[in-house]
4 protein chains.
Amino acid sequence: MSYRTPKAIQEKKDAKRRHILDTAAKVFAKRGYYNTKVRDILEEAGISTGSFYFYFNNKEEVFEILYDEMINAYVSVLQEAVATMTDNAEHIGKSLIKAITLSLRAFQKNKELARIMLIGSVGISPQFEKKRTADYQKISLVFEEIFRKLLQKKAIRIPDPKVAAILFTGSIYSLITNWLQEDDSVELVKYTKPLIAYNLQALGVQYDDLDLENIY
Amino acid sequence: MSYRTPKAIQEKKDAKRRHILDTAAKVFAKRGYYNTKVRDILEEAGISTGSFYFYFNNKEEVFEILYDEMINAYVSVLQEAVATMTDNAEHIGKSLIKAITLSLRAFQKNKELARIMLIGSVGISPQFEKKRTADYQKISLVFEEIFRKLLQKKAIRIPDPKVAAILFTGSIYSLITNWLQEDDSVELVKYTKPLIAYNLQALGVQYDDLDLENIY
Amino acid sequence: MSYRTPKAIQEKKDAKRRHILDTAAKVFAKRGYYNTKVRDILEEAGISTGSFYFYFNNKEEVFEILYDEMINAYVSVLQEAVATMTDNAEHIGKSLIKAITLSLRAFQKNKELARIMLIGSVGISPQFEKKRTADYQKISLVFEEIFRKLLQKKAIRIPDPKVAAILFTGSIYSLITNWLQEDDSVELVKYTKPLIAYNLQALGVQYDDLDLENIY
Amino acid sequence: MSYRTPKAIQEKKDAKRRHILDTAAKVFAKRGYYNTKVRDILEEAGISTGSFYFYFNNKEEVFEILYDEMINAYVSVLQEAVATMTDNAEHIGKSLIKAITLSLRAFQKNKELARIMLIGSVGISPQFEKKRTADYQKISLVFEEIFRKLLQKKAIRIPDPKVAAILFTGSIYSLITNWLQEDDSVELVKYTKPLIAYNLQALGVQYDDLDLENIY
DNA sequence: GATGAATGAGATTTCATTCAT
DNA sequence: AATGAATGAAATCTCATTCAT
């Protein structure tokens, strides 16, 4: 007979909570929000209804947590990329290459959550739609500010930094969305080079072909 | 001699059918597929349950019809733009400008259906998801072939026509999606110029700034 | 331009009414009361909803008319058989043989109505169930009275004429029901001989084997 | 140590399931399959919609279970009767008497299920109709084989064992059906004697009147 | 903490019948 | 007389969530 320390108990709880989330992510990614029934998650996770509702208030909350995790993870990646950006104009190409490369890697690493973030989060509820829009605009804003700065230095050549940011992120997401819907799981990184080329060219950035060779 | 003119009846039927479709489009666009209940459409359209099911088999069918209409309308627009493309290299910029301009106008003309096509059609059902993916690939393929042709003539400079086509369409859609989620009714065409600039630059096309001034 | 006499008009109406009834009989026999939708009858008859409800008040009425027709036709057959029964004891066997033979022939002649009368009329509504029970008891009563008379003359040997009548009719109906559910349409009359033998023996009637040879 | 005894829970579940079935039997018997709405069963049983669908998939399944129970119970009774049949010719009368007596008792014991089996199971669906026909043929076959055997020994005198079996079972069922539709609760066994007399005579079996006196 | 039986609001759909033309 | 579009009550069933054990 063992006396469990409260800490051990807490760890066990955390593990179960995590297990439910991970399972839910898998199921949501496969079927989408509305076609995923709570029962599907329960069965896949091997837990009871009661447990599910002990750890979470409802289905939407579980989805929202997963969604937030994904957005935060992605924002971290972006912030990391931005942080290493120097003001040195000659490194602009390299910096943007890094931002894109890190984005793709983040999505590839967790295909399920990518699917949730980009596809599965549509049409949940009006409130959620608002949140989703806000998140996407926040991400777009990161690039918008970078572009604005670069524009001042005449390091890039675009008429409108806001629109450019939308198009930049949009092109990345469309590629990922496309990749997610391919039956055979081609390596996402295979698309990295043309993706970078397209966007750097779009921004009017002079970039070294050599930099493109060394990506990933 | 019959008691009524079948033609008049048929016209009335067509009108009612159209009315249901239009109302459904409005409601779907506002609430999304799953949050739209058949009852919502009935109330908004001021018709009875029976009428709805007299004209259509079920909710999904109504959605599918609307979706197909939108896709077909958009494909027509694209084909029109492609048809006027000459082989004359110096007109490539103009041609692509036309394709983008027509696309934006098509979406602006019918904001509701644009919302359905780009946002609301996600997660309906596995079968529908297949159809949706196929449609998007078809549209992307139109551009891919154009890019392939232009590439042979060295009129554009990109490493991969397939990826370029995805990014091209993706950037357009992301702009429209963004516009759709803006509360105020900003003119979509306001974004036309930077959108074209971004993509023409991305493709490495030499374009005349004058052409951009005269759009719309 | 012809002037139709009212009589001709009436005849046309009657013909249409009959056409609807005949078609309904066919459909009811095939699918049963509840699995037959008014629409099925309309389509099969090539008429409109309005016409149907012009000639009849509702679906149940149509069924009831068909049912009554069948019962009446059957009762007529029975009465005919009873009418020819003489009080001559030596003809009792022949008379019962005739009653059974005529019954079988009546059912075979109109398989559809047989199906409606014996199988398809179950579970329509509580009121209809009452009517149905009453009709069956009426038919049974015909035989009960015959048996009662024969019993007085000691022409048959049974403990209870009422029960005998139930069993007599029941055995006939069970044979027909069985026959109706055979996939291949065997000749019902093939069963006539053993059916008669069974019941005459049951009643303790002395019968001439020769009479059995000449049936039908 | 778990928080509850699974056994007790299971027993409660079984009891509830049984309660639903019994209630459904009562309602089906009273109103028939089509006039019984799921709601009627819920109200009569005092349960919620959810409970009903937790225990059963749909209304038809409940009906089918009840129907199968009845058929199986009846077949058991028959098999029991058949098992005690000896090859001793002089006991043939007694054996058939026993078979009929047990049949009647089985039906009397559960009037509701008898009603379902004999009356209420008509016209549910084409598939069910097939099953029903097959079941009835199976029961008829039990008697057919007995009759065939007795025929070889010349213990009975009938022209066709198959038809005789149909008529034998048909006569029993018609009596029960009749009894079911009587308003007052007449004892079914009251009819046993004339029923046996009719059928034994029909089969040409020599029976002892004494045996008939001691039935039930 | 865990379980899963129980709940019931609410969604979709059917189909007999009506009624304007 | 005929048509068939329109109606809407009513039926079945789903499934997120609750709660007694």
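The sequence lines fix the lettering, A, B, ..., with proteins before strands; numbering per chain opens at 1. Scope of the values below: all heavy atoms of this structure, side chains included, with no hydrogens, waters or symmetry mates.
Using modelled atom types and a 3.5 Å distance limit, the side chains of B/R31 and B/T36 yield no donor-acceptor pair. A donor-acceptor pair shorter than 3.5 Å cannot be found between the side chains of A/Y55 and A/D14. No donor-acceptor contact under 3.5 angstrom links the side chains of B/N72 and B/Y67, judged on distance only.
When each of D/Y34, D/F56, D/F128 is paired with D/F63, the ring pair (Phe, Tyr, Trp, His ring centres under 6.0 Å) condition holds for D/F128 and for no other.
A salt bridge does not link B/E112 to B/R115: none of the charged side-chain nitrogens sits closer than 4.0 Å to a carboxylate oxygen. One finds a salt bridge joining C/R18 and C/E69 here, because a Lys/Arg side-chain nitrogen approaches an Asp/Glu carboxylate oxygen to under 4.0 Å. The pair A/K30-A/D40 fails the salt-bridge criterion, with no side-chain N (NZ, NE, NH1 or NH2) lying under 4.0 Å from an Asp/Glu carboxylate O. A salt bridge does not link C/D22 to C/K26: none of the charged nitrogens lies less than 4.0 Å from a carboxylate oxygen.
Counting to the nearest Å, the P atom of E/dA16 and the CD1 atom of C/I41 are 9 Å from each other. Regarding D/Q10, its CD atom lies at a distance of 15 Å from the C1' atom of F/dT21, rounded to whole Å. Protein atom NE2 of C/H19 is 17 Å distant from nucleotide atom P of F/dA1, rounded to whole Å. Taking atom CG on A/D40 and atom P on F/dT14, their separation rounds to 13 Å, with Å as the unit. Rounded to an integer number of Å, the gap from CD1 of C/I124 to P of E/dA16 is 12 Å. Here E/dA5 presents its P atom at 15 Å from CD of D/E11, a figure rounded to the nearest Å. Whole-Å rounding puts the A/R39 CZ to E/dG4 P distance at 12 Å. To the nearest angstrom, C1' of E/dT21 lies 18 Å from NZ of B/K7.
Contact between the side-chain N/O atoms of B/K16 and the OP1/OP2 oxygens of F/dT7 is found at a separation under 4.0 Å.
Under the 6.0 Å distance and 45° angle rule, C/K59 counts as a cation-pi partner of C/Y33.
Atom CD1 of residue A/I119 and atom CD of residue A/Q181 lie 4.5 Å apart, to the nearest 0.5 angstrom.
Comparing C/K13 and B/K13 along DNA chain F, the residue whose closest nucleotide (by nearest heavy atom) sits nearer the 5' end is C/K13.
In DNA chain E, stems built from 3 or more consecutive Watson-Crick or G-U wobble pairs, each with both distances under 3.5 Å, span E:2-21 with F:2-21.
Across residues 25-38 of chain D, D/K37, D/V38 each have a non-hydrogen atom less than 4.0 Å from an atom of DNA chain F (numbered order). Of all the residues in residues 42-60 of chain A, A/T49, A/Y53, A/N58, A/K59 reach under 4.0 Å from DNA chain F with at least one non-hydrogen atom.
When atom types are taken as modelled, the side chain of A/S51 and the backbone of A/I47 share no donor-acceptor pair closer than 3.5 angstrom.
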